[in-house]
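Read through the structure below, which is laid out as structure tokens, and then see the notes.
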Amino acid sequence: MTAAKCSYFLFFHIFSIKCECRKYKDLIMRTGLSEDLIARVLGGLPKYTIAELEKKFPPRNLPDGAMVTRFAPSPTGFMHIGNLYGALIDYKLAQQSNGVFMLRIEDTDTKREVAGAVDVVKNAMHRFGLEYNNDEKYGPYYQSQRKEIYRSVAAELLRSGRAYPCFLTAEDMERIRGEQSSAGFATGIYGEFARDRDIAAEDIIRHLDNGDVPSIRLYSTGDPARRIFCKDAVRGSIGFPENNEDLVLIKSNDGLPTYHFAHLVDDHFMRTTHVVRGEEWLPSLPLHYQLFRMMGWQPPVYIHTATLDKIDGDTGKQRKMSKRKDPECNVAFFLNEGWPVGAVIEYLGNILASGYEEAKLKGAVKNFWEYEMKPKKIPMSGALFDMKKLEWWAKEYIGSMAVSDLVKSVTDWANEYGDDKQKMQVADQNYLTAVLAIERDNPKRVRKDFITWKQTLEIVEFFWDDLFVPNAEYKYNADVLNAFLDTFNIADDKDTWWNKIVEIAQRFGVKNGDVAMNLRVALSGRTNTPDLYSIIQVMGADRVIKRIKAAK
RNA sequence: GGUCCCAUCGUCUAGCGGUCAGGACAUCGGAUUCUCAUUCCGGUAACAUGGGUUCGAUUCCCAUUGGGACUGCCA
């Protein structure tokens, strides 16, 4: 406003420019509150001075280049795949730089609290191998337990006139918003709309005596006519108009900080070096810079990640993955369906570090944990979450597993998430091992039809008599089946066995493949299966004979 | 409405003034002593548009278009 006025008077009153500017300068800070008033406004005495906090949470003693990152979810009871994506970046950055990765619970929204929500987060992180290291020296890590810290910083702002108590009610603000939008102004509490911006001590006391509880607002000295340049590690410098909104720092309803204030205080005193967050935070970057500058603190390096999208089935358009519409955006979905967590990590790693795929294909690294990602290479445009490519990573991942590990993974999944049928399949570990070992002896030619633990058990169901579904459609050649039974010997080696097939084919004037197909369908009920000889060996003579007899 | 971000094959991307625009997934063919799957070989397929800057733009700048985010005492 001031700058606009300045230019308005430019031609005529050089003098008034000076006046305006002085007036502006006078507005830079309001009069600070007395200690008594601060205690009343904040509902208690501040416990620490800034200097004490600096001492309590000193800069970390870490090697050069070590990154301190944090995953800071709000406990909604739902972990989005996008959260996992961000947490993976946090974890990886800390891990590869010998830094520290923290988990901080942003539970400042008391209205949205969900029981057991933190366990959902912790469990997911543990499952996906994102172990955090919450050094208690820098705690507590629940924002709801950091009230004293926020209050102490808020007190300092109140003392120096950089913040003020605001007694605007919800109705007041609704009215203001209405007036602003009908008048075509930007909505929000700023400038002349910030009624209590320059509230006098006696008015504060009057409100307090009346039982009114204030929120604490920033006394913004930003001028939208000026620009502030902020840095994002991948996007570079971004210019914004300065913020002039008197944002809420401490909420009146519960005395807890808003995200903005908590971010300032926590990431400073936890000594976070790199803040990784979704790009929805980009618009508040100038505010955060303003906050850090006001305190004289060094802002962290910011990395704003793009969203994980999908194509909407109805509209055909690309959009962010939605909690409501897309079950596959819930991390729990991958666990329930038995996706190999390692494969999900590989896939996400492939998205967030495009060089990884090539490095892995070249054999330079074994898995994502070994790959050194570059923060600057994190993609800034939204990526479509591609289930097909995830499947490919999963097939590759399972294909490279030792049979014993595969059996264990499938068994663990079935016992935790499976139904009775699936639990039965994993009961006999020897049989399961034999089934899953088929066509896995040659590392270069491993079958790659296993994608998830669940689907793995499904495609081998026919090995269990209780789950075997005979094929009623197929027209068997009874002569062929009889001939097979006549010469069948489970002890035959593969060549001997095959020679018998060829002999039968010649005898009945059919193709080798026809004989094989008759056996395949009789044994499995399916027309597509792995190697027949292996199936017969795993099933055993009794079961083979029984099924063939039943088929013809 | 205002502010900001983004834009290379269908998808994820490499590229950082001069390349036949490379790779991966998907897809389509062919080969691989029984189907399927593997494996191998090969093919189709992209710089959103218009202006500049330059000897020369996918690359730099500006518009346009398209997509997205924010504009809460939610994060």
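Computation of the quantities below employed the complete heavy-atom set of this structure, encompassing side-chain atoms and omitting hydrogens, waters and symmetry-equivalent molecules.
The C1' atoms of B:rC34 and B:rG15 are separated by 47 Å, rounded to the nearest whole Å. Spacing between B:rC47 and B:rG42 at atom C1', rounded to whole Å, works out to 25 Å. Distance noted for atom P between B:rU33 and B:rU39: 16 Å (whole Å). Nucleotides B:rG18 and B:rC40 are separated by 36 Å at their C1' atoms, to the nearest Å. For the C1' atoms, the distance from B:rA46 to B:rC4 is 28 Å, rounded to whole Å. Separation of the P atoms belonging to B:rC20 and B:rA57 is 16 Å when rounded to the nearest angstrom.
The side-chain tip of A:Lys360 does not point at the ring of A:Tyr371 from less than 6.0 angstrom away and within 45° of straight on. A cation-pi arrangement is present between A:Arg547 and A:Phe468, with the terminal nitrogen or guanidinium carbon under 6.0 Å from the aromatic centre and inside a 45° cone about the axis.
What separates CE of A:Met387 from P of B:rA24 is a distance of 23 Å, to the nearest Å. In this structure, A:Ile451 places its CD1 atom 11 Å from C1' of B:rA37, rounding to the nearest Å. Look at CZ on A:Phe484: it is 13 Å from C1' on B:rC34, rounded to the nearest Å. Rounded to an integer number of Å, the gap from CZ of A:Arg526 to C1' of B:rC36 is 11 Å. For the pair A:Arg447 CZ and B:rU38 P, the computed distance is 8 Å after rounding to whole Å.
For a distance-only test at 3.5 Å, the side chain of A:Thr258 fails to qualify as a donor-acceptor partner of the base of B:rC73. Taking only distance into account, the side chain of A:Arg235 never meets the base of B:rC6 through a donor-acceptor pair shorter than 3.5 Å. With hydrogens and angles ignored, a donor-acceptor pair closer than 3.5 Å exists between the side chain of A:Asp531 and the base of B:rC34. Applying the 3.5 Å distance criterion, the base of B:rA26 shares no donor-acceptor pair with the side chain of A:Lys389.
Using a 4.0 Å heavy-atom cutoff across all strands shown, A:Ser381 reaches sugar-phosphate atoms only and no base atom.
Aromatic ring pairs are classed by plane angle as parallel below 30°, tilted from 30° to 60° and perpendicular above 60°; the pair A:Tyr219 and A:Tyr164 is perpendicular.
Ionic pairing of A:Arg507 and A:Glu503 is present here: one or more N-O contacts between side-chain nitrogen and carboxylate oxygen are shorter than 4.0 angstrom. Ion pairing between a basic and an acidic side chain is recognised when a charged N comes within 4.0 Å of a carboxylate O; A:Asp531 and A:Lys494 show such pairing.
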